[in-house]
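Okay, structure first, notes after.
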Amino acid sequence: RYLRFVRSFLLPAGHAGMDGDLIDRFTGSGLTYDFDSEAERRFLALSSVKYLISRSEYRSHGQPTSEFRKIYAGEALVYEVPDVLPRAALFSAVEVLPDDAVLARLKDPAFNPREKVVVSRETMGAGNGLSTLIGAPPSPPSAVRISRYQSQDVAVEAETPAPALLVLNDTNYPGWRAYVNGQPADMLTANFLFRGVLLPAGKSTVEFKYQPRSFRIGSGVSGAALAILLVLVWRERRTRA
């Protein structure tokens, strides 16, 4: 899914891409990017890519681009990208589309990803509460604070005057679960790849925890094995007594 997201924005028309070494597995070897096209810039914004590292200057129409701010020039060049979406943000306007139509909508020049988020319909449950956000007037998202960030545990502190969709620009990989103020919450697929959680008005603490089914099954088996072992030890001691 990550490959589809990256390639939909970065692959030239008619280029199939390739799977290979780490350096070329996303778009294929031999491709370079100046990030001067609308699709490439949209990819940076949607992905919250704030910095670019390059061996040479980024160019637009043959001239060095002035839209990226060079912040380091040494063994490599480091550029800061303007106007990308916050890593974690609250959206008040939502579109709901079938999953197979989301990527095309995100690339549509008529769609502004800085004012609205697209939710995959297949990830919505009954009574999801998104009705107030569907068709709402577009407006820029507001950034929220990530208070804890670990490999399998992320916490976000948010406050909103009205219901809003929290979008964390981390991959919505199977096994991640969301909790709002300690209670389990449905997680939606936002902008094809990322994690979305509907928040009520007011203050909320949102936790994302990696809890795959295999982990829960393994924990159950381990707990059962430990209980059996304790019973056997207890019976052995009782027999000796």
Side-chain angles (χ1 to χ4, degrees), residues 1-10 25-27 42-50 84-108 111 113-131 133-134 141-158 160 163-200 204-217:
R1 194 173 182 90
Y2 184 66
L3 286 173
R4 289 174 60 194
F5 180 83
V6 173
R7 289 173 175 177
S8 68
F9 289 97
L10 299 187
R25 67 174 178 166
F26 296 123
T27 58
R42 191 162 286 210
F43 167 78
L44 296 178
L46 286 166
S47 306
S48 299
V49 175
K50 192 172 183 179
V84 299
L85 289 172
R87 182 70 176 274
L90 293 173
F91 285 82
S92 58
V94 165
E95 284 188 23
V96 177
L97 292 174
D99 190 63
D100 58 7
V102 172
L103 283 175
R105 181 57 174 158
L106 292 176
K107 294 175 65 177
D108 184 352
F111 176 77
R114 296 174 179 85
E115 295 182 343
K116 195 181 289 188
V117 62
V118 181
V119 171
S120 296
R121 180 175 296 156
E122 291 81 350
T123 64
M124 295 172 53
N128 56 78
L130 277 182
S131 57
L133 307 184
I134 299 173
S142 57
V144 296
R145 186 174 72 93
I146 298 177
S147 57
R148 183 176 69 252
Y149 195 95
Q150 300 173 352
S151 62
Q152 299 184 24
D153 184 11
V154 181
V156 174
E157 304 293 333
T160 175
L165 186 70
L166 169 68
V167 178
L168 176 66
N169 274 1
D170 278 2
T171 304
N172 188 12
Y173 191 82
W176 281 95
R177 297 179 180 276
Y179 299 84
V180 177
N181 298 326
Q183 298 300 312
D186 293 333
M187 192 150 60
L188 308 173
T189 298
N191 289 341
F192 187 78
L193 188 64
F194 306 112
R195 305 176 202 164
V197 178
L198 182 65
L199 299 187
S204 296
T205 297
V206 186
E207 294 178 286
F208 297 91
K209 298 182 179 182
Y210 187 58
Q211 298 172 325
R213 182 177 299 177
S214 58
F215 174 81
R216 300 198 304 274
I217 293 174

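Keep in mind that the numbers below use all heavy atoms, side chains included, and drop hydrogens, waters and symmetry copies.
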Check whether any side-chain heavy atom of Phe5 sits under 4.5 Å from a side-chain heavy atom of Ser47, and report yes or no. yes

Gap separating the CZ atom of Arg114 from the CZ atom of Phe91, nearest 0.5 angstrom: 10.0 Å

Please find the pair of heavy atoms, one from Val102 and one from Ser120, that lie closest to each other, and give the distance. CG2-OG, 3.8 Å

Are any non-hydrogen side-chain atoms of Glu157 and Val144 less than 4.5 angstrom apart? no

Does Arg145 reach the main-chain N or O of Ala158 with its side chain, forming a donor-acceptor pair under 3.5 Å? no

Below 4.5 Å, heavy atoms only, C-beta onward: do Leu130 and Leu188 meet side chain to side chain? yes

Please identify each residue that fulfils side chain to side chain contact (heavy atoms under 4.5 Å, CB included) with Gln183, with sequence neighbours left out. none

Report yes or no: does Ser48 contribute a side-chain atom to a donor-acceptor pair with the main-chain N or O of Pro86 at less than 3.5 Å? yes

In terms of heavy-atom contacts, Ala93 and Glu115 come closest through CB-O, 3.9 Å

After noting the C-alpha distance and the side-chain angles of Arg87 and Asp170, does the key distance pass the side chain to side chain contact (heavy atoms under 4.5 Å, CB included) rule? CA-CA 8 Å; Arg87 182 70 176 274; Asp170 278 2; 2.5 Å; yes

Would you confirm whether Asp153, through its side chain, and Glu207, through its main-chain N or O, come within 3.5 Å as a donor-acceptor pair? no

Val117: which of Val96, Leu46, Val94, Leu133 passes side-chain contact (heavy atoms from CB on, under 4.5 Å): Val94

Phe111 and Lys116: which non-hydrogen atoms are nearest, and at how many Å? CZ-O, 3.4 Å

Please name the pair of heavy atoms, one in Phe194 and one in Thr171, separated by the smallest distance, quoted to 0.1 Å. CD2-N, 4.4 Å

Of all heavy-atom pairs between Val180 and Leu199, which one has the smallest distance, and what is that distance? CG2-CD2, 3.9 Å

What's the separation between atom CG in Leu165 and atom CZ in Arg195, rounded to the nearest 0.5 Å? 14.0 Å

Nearest-0.5 Å distance that lies between atom CG in Leu198 and atom CG in Leu90: 10.5 Å

Roughly how far apart are Leu103 CG and Leu97 CG, rounded to 0.5 Å? 11.0 Å

On the ring face of Phe192, is Arg4 found with NZ or CZ under 6.0 Å from the centre and within 45° of the axis? no

Exam field: side chain Asn181 to backbone Thr205, donor-acceptor pair closer than 3.5 Å: yes

Donor-acceptor under 3.5 Å (Thr123 side chain, Thr189 main chain): yes

Does the side chain of Leu168 reach to within under 4.5 Å of the side chain of Phe208, using non-hydrogen atoms? yes

May I ask you to decide if Tyr173's main-chain N or O and Arg1's side chain share a donor-acceptor pair within less than 3.5 Å? no

Looking at Leu106, is its backbone amide N or carbonyl O close enough to the side chain of Arg42 to form a donor-acceptor pair, meaning the two atoms are under 3.5 Å apart? yes

Find the distance between CH2 (Trp176) and CE (Met187) and round it off to the nearest 0.5 Å. 8.5 Å

When rounded to the nearest 0.5 angstrom, what distance separates CZ in Arg105 from CG in Asn191? 11.5 Å

